[in-house]
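Below is one structure, written out as structure tokens, with a few remarks after it.
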Amino acid sequence: MKKSTAIAFGIIVGVAVLLLGLGQCGYNKLEEYQTLENVTAAVRQDFPNVEHITPNVLALLSQSESAPLLVDVREPEEYAVSRIPGAIRLPDAEAIQNHIGTLEEKPESIVVYCSVGRRSAAVAEGL
């Protein structure tokens, strides 16, 4: 993978979280997004330059010698409830870049995630 590759993907915890996340992420017309596939398609359409991966691909990447920097861009309250092991919470692209600047060894790739995928895609695009 190329350096500074930003990857975004969404973790769906449940239908309630999905609907709450959609409302908070700017998708005000929930009736248009009746399935996870529609949500995913909308995020990909809004952020065509952001690479998306599945949790299975993330698991493989995390086991590699050059594991990605794993960044959770959800709100502090969301992060406090649950997170992927090894993830750090940084709210935006600027915070991620500042954090990388403090690291002795720079990551080859960055995986950014949120609840649905919209926030993480926006941050990844900003990287």
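Below, all heavy atoms of this structure are taken into account, side chains as well, without hydrogens, waters or symmetry copies. The structure presented is a predicted model; accordingly, all values stated were derived computationally and were not measured.
Closest approach of His52 to Val43, counting heavy atoms only: CE1-CG1, 3.8 Å.
Every residue two or more places apart in sequence or in another chain was checked for a side chain to side chain contact (heavy atoms under 4.5 Å, CB included) with Val81, and none qualifies. In this view, Thr102 and His99 satisfy the side chain to side chain contact (heavy atoms under 4.5 Å, CB included) rule, not counting sequence neighbours. By the side chain to side chain contact (heavy atoms under 4.5 Å, CB included) test, Asn98 pairs with Glu94, sequence neighbours left out. For Ala67, there are no side chain to side chain contact (heavy atoms under 4.5 Å, CB included) partners, not counting sequence neighbours.
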Inset, instruction - List the steps, then state whether side chain to side chain contact (heavy atoms under 4.5 Å, CB included) holds for Val50 with Val112. - result: CA-CA 10 Å; Val50 174; Val112 182; over 6 Å; no

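Both Ile100 and Val123 are members of a single hydrophobic cluster when ILVMFWY side chains are connected at heavy-atom separations under 4.5 Å. One hydrophobic cluster holds both Leu61 and Ile84 under the rule that ILVMFWY side chains link at heavy-atom gaps under 4.5 Å. Under a hydrophobic-cluster definition in which Ile, Leu, Val, Met, Phe, Trp and Tyr are linked whenever side-chain heavy atoms come within less than 4.5 Å, directly or via other members, Ile53 and Leu70 are assigned to the same cluster.
Salt bridge annotation for Glu78-Arg119: present, with a cationic side-chain nitrogen under 4.0 angstrom from a carboxylate oxygen.
Taking 4.5 Å as the limit, some side-chain heavy atom of Leu58 sits within range of a side-chain heavy atom of Val111. Here the side chains of Tyr113 and Asp72 are in contact, with some heavy-atom distance below 4.5 Å. A 4.5 Å side-chain heavy-atom check between Arg83 and Arg74 finds at least one atom pair inside the cut-off. Side-chain contact check for Ser120 versus Arg118: every heavy-atom pair is 4.5 Å or farther apart.
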